[in-house]
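Structure, as structure tokens:
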There are 2 protein chains.
Amino acid sequence: MITLKHVAELAGVSTSTVSRVVSGKDVVSKSVKDKVEKAIKKTGYIPNVNARALANKNSTSIGLVTPDLSLAFFGTLAAGVIDAADDLGVTVDICNSRGKDQNNLNAVKTLIKRGFNNILLDESHCAESKILELCAEVPGLVLMNRFIPQIAERCVCVDNVTGGNMAASYLLDNLHNNIAFITSNSEIADPFDRIHGAKIAMAKRGIDTNNCLVAQAAPTIDGGKQAVLELLNKSDEFTAILAYNDNMAVGAMNELQDRGVRIPDEISVIGFDDLAISTVCRPALTTMHYPIREMADYAVKLSLDLTSSKKTLGTSHKFIPKLIERSSVSKI
Amino acid sequence: MITLKHVAELAGVSTSTVSRVVSGKDVVSKSVKDKVEKAIKKTGYIPNVNARALANKNSTSIGLVTPDLSLAFFGTLAAGVIDAADDLGVTVDICNSRGKDQNNLNAVKTLIKRGFNNILLDESHCAESKILELCAEVPGLVLMNRFIPQIAERCVCVDNVTGGNMAASYLLDNLHNNIAFITSNSEIADPFDRIHGAKIAMAKRGIDTNNCLVAQAAPTIDGGKQAVLELLNKSDEFTAILAYNDNMAVGAMNELQDRGVRIPDEISVIGFDDLAISTVCRPALTTMHYPIREMADYAVKLSLDLTSSKKTLGTSHKFIPKLIERSSVSKI
DNA sequence: TTTATTTCTGCAAGCGCTTGCAGAAATGAT
DNA sequence: ATCATTTCTGCAAGCGCTTGCAGAAATAAA
């Protein structure tokens, strides 16, 4: 293994000088710099990341803590994070919390102890106070897919209210005034925000939003099936379903189709996320595109920015989802 | 940050002693060990990976190099690897090669330079010689989902021939003697092996396998659509399709259904992988379960085993897929 | 009890890189 | 030519952990 020392000897300078040339953090005279660079090229020297991390008291990796990579949503998120990090020459360590609530926080603590300064956390369930604590401890902690006002500039999330609004507006524009909601029973803000946004759109068109049909269930395919059943028991008047996410939407469609309901002729369905599943199901699902890739990219940059001396990323913002028209909503 | 030194002071011993109880590599008297362990617990000490890697000249993480995490197959694989590693107290660094061929190898090289001794590589396209080179260089390199005879004991893969055989046998058992194949156009062994296995089953029952209907395309949903179209152009006699994987199977089913073909009444379809999509599509897909989780688990242990002094994992073997009956094959 | 063994613990150097500090060299001002 | 500045380079300590070596303590043998 070629070290600084080898390069230094070849160039006839001290290791400090070589270090300075390599890191570029300090001024080195042109002539010496040239000598050193020549020696580096000749030896094929590559800095040892571990030694560097040790001396710098920080890691060159960023940590990603996510509930379950085997779910398409998080897999895509992880892929985005890795790619973005890769472009910046940093690697990413991923922790899977296997869905167990407490694990996410534990994973973060472990990363902290391992010297990670940059952590991307996707955690929707735990108390805000816990997250605020972590944020205070880790300057490079970025929260994904959740918004906490006190740390707005460190949250990378989607504008759920606007997303819900856009989805409902699309339904309304296509004359589906009787919208039923299938939503997640997770105790997080997202489902409420989306419905809230939808109701704003409805109210704007003079539709009463006080007696909306709403069914809650797990945010999964099965949950979608259950929820739609609940809906069916309550009423048979709705002509459109606004689902919390693609999985629930597909579950609902499957269940309806199994019962002979034609989609979108009799009932239209709109999802949220735009995962692969939405192109696979029949009819292909019209849904709100969740800009996961862009968000992953931003999150990586944000975290790195937070721990660098010169901040470049300024204002906080929420990402706006985008409507993807496919075939699950009947059009006028 | 809590270091060995803190623990040592609290326990009233030297850092060497603490190091020894932590690593377990040397004998420490019971009484001292207890003291130290108490101190460790009290302080919540966690070894600094960078320092450790530096001193040991190796890393405590294992690296996973995989084509694209946003694909369900690899996401599941990654989740399995992370969980298995987690159980053993090691973390995993993931590199995404974004499908670009050469990237996989580059990712491996980067990991090597960073001092990784344990690398899990999923690379189906590059030349065998390149992989053999890497294997020679990195003792803890394990190859996933690909078999190379010279390094059989370092390959973790599925028995594709048997898998293909089982799938075809199931079709045959249900009186589908006219089987058409939809296969991947990737230049890897898997598609051939699966068809080969299928033909063995057919031959065993006296069916001529020389004029089998085969259509190749990308191993994706779209590829499945294209392939089934090609099949339809060539013949209308087949009553069953054996697809290379679930994605192709679903693509084929969708396309057939769009053309009014009833599945499984008119044509039966069987897939391979058992990804989430196979339960989502309609009819739910009968498929060969790919034991990704078990394989991920084994791969992690194998890699660690390869770099440890005391080998425990002996014989090499291939994992056998398992038939999952759902509703896409009509039964007798 | 003394001596030979065995077992345990601490010392100190080293893994490769970074950086505050201070001395050397170069530049400018007088 | 002399002294004050500024610029550059090297020294050496330190990041946290490991480990060969040797001395101390405990055990066994005589």
Side-chain angles (χ1 to χ4, degrees), chain A residues 1-37 39-40 43-61 89 110-117 307-309, chain B residues 1-37 39-40 43-61 89-91 112-117 307-309:
Chain A
M1 171 171 247
I2 292 151
T3 70
L4 269 192
K5 209 170 157 192
H6 298 134
V7 178
E9 276 165 12
L10 210 172
V13 298
S14 75
T15 58
S16 335
T17 303
V18 180
S19 171
R20 289 187 178 109
V21 172
V22 173
S23 68
K25 278 189 213 162
D26 249 314
V27 199
V28 178
S29 70
K30 179 87 172 63
S31 61
V32 174
K33 194 173 175 185
D34 287 346
K35 267 197 303 185
V36 172
E37 280 173 346
I40 290 178
T43 54
Y45 166 75
I46 296 229
N48 177 308
V49 273
N50 297 124
R52 187 176 264 186
L54 179 59
N56 283 329
K57 294 159 167 284
N58 78 32
S59 149
T60 47
S61 305
T110 304
L111 287 174
I112 294 174
K113 286 176 187 151
R114 287 187 61 214
F116 277 76
N117 293 329
T307 53
S308 91
S309 44
Chain B
M1 171 172 249
I2 292 150
T3 70
L4 269 192
K5 209 169 157 193
H6 298 134
V7 178
E9 276 165 13
L10 209 171
V13 299
S14 75
T15 58
S16 335
T17 302
V18 179
S19 171
R20 288 187 178 107
V21 340
V22 172
S23 69
K25 277 189 214 163
D26 250 314
V27 199
V28 178
S29 70
K30 179 89 171 63
S31 61
V32 174
K33 193 172 174 183
D34 287 347
K35 264 197 304 185
V36 172
E37 280 173 347
I40 289 178
T43 54
Y45 166 75
I46 295 236
N48 176 306
V49 274
N50 298 124
R52 186 177 265 188
L54 180 58
N56 283 328
K57 294 158 169 285
N58 79 30
S59 151
T60 48
S61 304
V90 317
T91 55
I112 293 174
K113 284 175 191 150
R114 289 187 60 213
F116 277 75
N117 292 328
T307 52
S308 91
S309 45

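Chain identifiers are assigned alphabetically (A, B, ...) following the order of the sequence lines, protein sequences preceding nucleic acid strands; residue numbering begins at 1 within each chain.
Between B:T15 and D:dC17, a side-chain N or O to OP1/OP2 separation shorter than 4.0 Å is absent. Look at B:K25 and you won't find any side-chain N or O under 4.0 angstrom from OP1 or OP2 of D:dT18. Checking the phosphate oxygens (OP1, OP2) of C:dC15, no side-chain nitrogen or oxygen of B:N50 falls inside 4.0 Å. The side chain of A:S14 contributes an N or O atom lying less than 4.0 Å from OP1 or OP2 of D:dG10. Contact check, A:R20 against D:dT9: no side-chain N or O comes under 4.0 Å of OP1 or OP2. Not one side-chain nitrogen or oxygen of A:K5 sits closer than 4.0 Å to the OP1 or OP2 atom of C:dG16.
Nucleic acid contact for B:V32: sugar-phosphate only, since backbone atoms but no base atoms lie under 4.0 Å from a heavy atom of the residue. The residue B:V13 sits close only to the backbone: its heavy atoms come under 4.0 Å of sugar-phosphate atoms, none of a base. Backbone-only contact: B:V28 has heavy atoms under 4.0 Å from sugar-phosphate atoms and none from a base.
In this structure, B:D26 atom CG and D:dT18 atom C1' are separated by 10 Å, rounded to whole Å. Going from atom CG of A:L54 over to atom P of C:dC15 covers 14 Å, rounded to whole Å. To the nearest angstrom, C1' of C:dT18 lies 13 Å from CG of A:N48. A:R52 places its CZ atom 16 Å from the C1' atom of C:dC15, with the value rounded to the nearest Å. Rounded to a whole Å, the CG atom of A:N56 is 10 Å from the C1' atom of C:dT19. Residue A:L4 contributes atom CG, which lies 12 Å from atom P of C:dT19 at whole-angstrom precision. Going from atom CD1 of B:I40 over to atom C1' of D:dC17 covers 13 Å, rounded to whole Å.
Among C:dG10, C:dC8, C:dG16, the nucleotide with an atom closest to any side-chain atom of B:T17 is C:dG10. Checking C:dT18, C:dG16, D:dT18 against the side-chain heavy atoms of A:M1 singles out C:dG16 as nearest. Comparing D:dC17, C:dC15, D:dG16 against the side chain of A:K57 picks out D:dG16 as the nearest. Picking from D:dC17, C:dG16, C:dC8 the nucleotide with the shortest atom distance to the side chain of B:S29 gives C:dC8.
Separating the CZ atom in B:R20 from the NZ atom in B:K33 is a distance of 13.5 Å, to the nearest 0.5 Å. The structure places CG of A:L4 at 8.0 Å from CD1 of A:I40, a figure rounded to the nearest 0.5 Å.
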Item to check | B:V13 and B:V18: CA distance, side-chain angles, deciding distance, side chain to side chain contact (heavy atoms under 4.5 Å, CB included) verdict | outcome: CA-CA 7 Å; B:V13 299; B:V18 179; 3.7 Å; yes
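A:T43 contributes a side-chain N or O that, together with a main-chain N or O of A:A39, makes up a donor-acceptor pair within less than 3.5 Å.
Between the side chains of B:S14 and B:T17, a donor-acceptor pair is found at a separation under 3.5 Å.
Both A:S16 and A:K30 lie near DNA chain D, and the one whose nearest nucleotide falls closer to the 5' end is A:K30.
No side-chain heavy atom of A:H6 sits less than 4.5 Å from a side-chain heavy atom of A:L10.
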